[in-house]
Protein chains: 2
Amino acid sequence: MPHLLLKDLPRYECLLEAAKEFPDLDPSAAEAFLHLLRTGDEAFGVTERHFAAHHISQGRFGVLMLLWRGAQPRMGAAAADGIGCGPRTPAELAEAAGVTRATMTGLIDTLERDGFVRREPDPSDRRMLLVQLTAKADKFLRGFMPGHFRSVAAVMDTLGEGERKTLVRLLVKIQRQVSALKAGDPSAESSAAR
Amino acid sequence: MPHLLLKDLPRYECLLEAAKEFPDLDPSAAEAFLHLLRTGDEAFGVTERHFAAHHISQGRFGVLMLLWRGAQPRMGAAAADGIGCGPRTPAELAEAAGVTRATMTGLIDTLERDGFVRREPDPSDRRMLLVQLTAKADKFLRGFMPGHFRSVAAVMDTLGEGERKTLVRLLVKIQRQVSALKAGDPSAESSAAR
DNA sequence: GGCTGACCGTTAGCTTCCTAATCATTCCCG
DNA sequence: CGGGAATGATTAGGAAGCTAACGGTCAGCC
């Protein structure tokens, strides 16, 4: 499990009580927020057990997925020139994965040590490397993915199609709000601050 | 931000395409799952920037909250004997926070180094320590919390009361499903496996 | 009264993330 | 064409999580 999170979320009545002391505390917002983090963490934990059983971590899996997606032969228009074939260099991988290049160096290190990727020099720019999936990685992923998909499906099995759509809609709304906050959009501030 | 997560989620059509190759892949489940993890991470990131501005981490904040909650004088029934006054020893804190005792040792180390807590021997059991919040921590929290609550409220500001209730309901449903999966409940398996 | 087992906190060593600094290479501009 | 500026990968060091193993302390049972 990734981060320290209170195991027992404060009950709603406690939030109401605390809001008396802190006018900035919005009880229903806090409740939704805590449940969001908590549930994300729990769901993550389910897949992590499957990861651990195959001796791979979330971070390394993400890199493999990125490379795998890029390695799929493209049927579409821009197939020949390799445009859009996914990230290949450590810097591109770091960008796509949302980690720093230093972190990506470490991930590629262990992936290479375990024989899942190869570093090869870029023939056209000697600053760069090209990261290649090995056959071993391909074989590993083909064995690993079905179980992973079943884990994901098991977690969401409790929701019907309509509920899933509703959930995604609400989550996307929150994502947009977070993006607006990051961009410093003043209209995205809490209404309590207006 | 906590963990490596694909910045660009695969589009739904890509999931549909991939499902042709992997029968275990449930596209709507995968979509909801990815959005859940991604949104939790994004929301977490918003508060984390506020944490970083005050030179504190999520983990240390959690410990302070636990101690603070425990330090509040109880108005209720069981006030006199100290029952229910919250965790005090490192082991209790670790249990409540959902981390190992070893991790809690490290957290208390840095918290003590920074003057937020004190370790004191338990007079009745020499194996144990009692962790005490300092006045500095109390002052810090009183200054920190309002901004934290505003961050949380800002993230959720985009949802109305009804949407928040719906979101919490769906999240709680997922949490229950995860608990059932952890307990090995066979009826909680994916319907695809039945 | 003294073992034995259980529990407490800590230590040691691993992983994966981060930032900051370093070094090689390429690009651009005068 | 020569010299910054920008870009790419790496290294070093730190934080926060984990497991495993340790020594100190208590408690229960012969």
Side-chain angles (χ1 to χ4, degrees), chain A residues 1-7 41 44-45 48-49 51-64 87-114 117-131, chain B residues 1-7 41 44-45 48-49 51-64 87-114 116-132:
Chain A
M1 310 277 184
H3 24 54
L4 182 147
L5 229 39
L6 273 34
K7 274 182 80 174
D41 221 49
F44 179 78
E48 213 173 36
R49 282 182 298 161
F51 284 143
H54 288 75
H55 306 103
I56 192 149
S57 75
Q58 178 83 4
R60 295 167 52 169
F61 173 72
V63 177
L64 293 181
R88 278 282 187 283
T89 71
E92 285 168 355
L93 289 167
E95 167 66 20
V99 298
T100 62
R101 287 181 307 202
T103 297
M104 190 52 65
T105 295
L107 284 169
I108 296 172
D109 279 349
T110 70
L111 248 13
E112 190 167 37
R113 182 197 63 194
D114 295 349
V117 303
R118 267 192 313 273
R119 282 180 168 100
E120 293 177 6
D122 183 321
S124 70
D125 187 337
R126 279 190 291 172
R127 287 173 303 180
M128 294 197 240
L129 297 177
L130 295 178
V131 182
Chain B
M1 310 278 184
H3 25 58
L4 182 148
L5 228 39
L6 272 35
K7 274 184 83 175
D41 222 48
F44 180 78
E48 213 172 36
R49 282 182 299 161
F51 283 144
H54 288 74
H55 306 102
I56 193 148
S57 74
Q58 180 83 3
R60 296 168 53 171
F61 173 71
V63 177
L64 293 181
R88 278 282 188 284
T89 72
E92 285 169 355
L93 288 167
E95 167 67 20
V99 298
T100 63
R101 287 181 317 207
T103 298
M104 190 51 64
T105 294
L107 285 170
I108 295 172
D109 279 349
T110 69
L111 247 15
E112 190 167 36
R113 181 197 63 195
D114 295 349
F116 285 129
V117 303
R118 266 193 312 273
R119 282 179 169 102
E120 293 177 6
D122 184 320
S124 70
D125 187 337
R126 278 189 292 172
R127 288 174 302 182
M128 294 197 237
L129 296 176
L130 297 178
V131 182
Q132 296 277 344

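Throughout, a chain's letter reflects where its sequence line sits, starting with A, and its residues are numbered from 1.
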- request: Tell me whether the OP1 or OP2 atom of D:dC18 has a side-chain N or O from B:T100 closer than 4.0 Å.
  value: yes
message: Nearest whole Å is fine: how far is D:dG17 P from A:D41 CG?
response: 11 Å
field: First encountered from the 5' end of DNA chain C, between B:D109 and A:I56
entry: B:D109
query: Can you check whether B:V63 reaches B:M104 side chain to side chain, under 4.5 Å on heavy atoms?
result: yes
- prompt: Salt-bridged, B:D114 to B:R60, with N to O below 4.0 Å?
  reply: yes
query: With respect to the phosphate group of D:dG8, does any side-chain polar atom (N or O) of A:R119 fall under 4.0 Å of OP1 or OP2?
result: no
query: From the list C:dT19, C:dT16, D:dA16, which nucleotide is the closest neighbour of the side chain of A:T110?
result: C:dT16
message: Are A:H54 and A:F61 packed together at the side-chain level, in the sense that at least one heavy-atom pair is separated by less than 4.5 angstrom?
response: no
- line: B:F44 CZ to C:dC17 C1', in whole Å, measures 12 Å
- prompt: If we only count heavy atoms from C-beta on, is the A:P90 to A:T105 side-chain gap below 4.5 Å?
  reply: no
message: Of the listed nucleotides (C:dG9, D:dG17, D:dA9), which one gets closest to any side-chain atom of A:M128?
response: D:dA9
task: Specify the separation, in whole Å, of atom CD of A:Q58 and atom P of C:dT16.
output: 12 Å
- prompt: Between atom CG in A:L129 and atom P in C:dC23, what is the gap in whole Å?
  reply: 19 Å
- prompt: Where the side chain of B:V99 is concerned, which of C:dT11, D:dC18, C:dC17 is the nearest nucleotide?
  reply: D:dC18
query: Do B:I108 and B:L93 have side-chain heavy atoms sitting under 4.5 Å apart?
result: yes
Write down the protein N/O and nucleotide N/O pairs, taken from nucleotides 20-27 of chain D, whose separation is under 3.5 Å; answer none if there are no such pairs.
from, atom 1, to, atom 2, distance (Å)
D:dC26, OP1, B:R126, N, 2.9

task: Would you indicate which nucleotide in C:dT15, C:dT10, C:dC17 comes nearest to any side-chain atom of A:R113?
output: C:dT15
- request: Going by the side-chain contact (heavy atoms from CB on, under 4.5 Å) test, name the single residue among A:L129, A:L130, A:D125 that passes it with A:T89.
  value: A:L130
query: Rounded to whole angstrom units, what separation is found between the CG atom of B:L107 and the C1' atom of C:dG9?
result: 14 Å
- prompt: Is the shortest side-chain N/O distance from B:S57 to OP1 or OP2 of D:dA15 below 4.0 Å?
  reply: no
Note: A:E112-A:R118 ion pair, threshold 4.0 Å (strictly below): no
Value in whole Å for how far the P atom of C:dC7 lies from CE of B:M104: 19 Å
message: OP1 or OP2 of C:dT10 versus the side-chain N and O atoms of B:T105: is any pair under 4.0 Å?
response: yes
message: Expressed as a whole number of angstroms, how long is the span from A:I108:CD1 to C:dT16:C1'?
response: 14 Å
- line: From CZ of B:F61 across to C1' of D:dG17 the rounded distance in Å is 19 Å
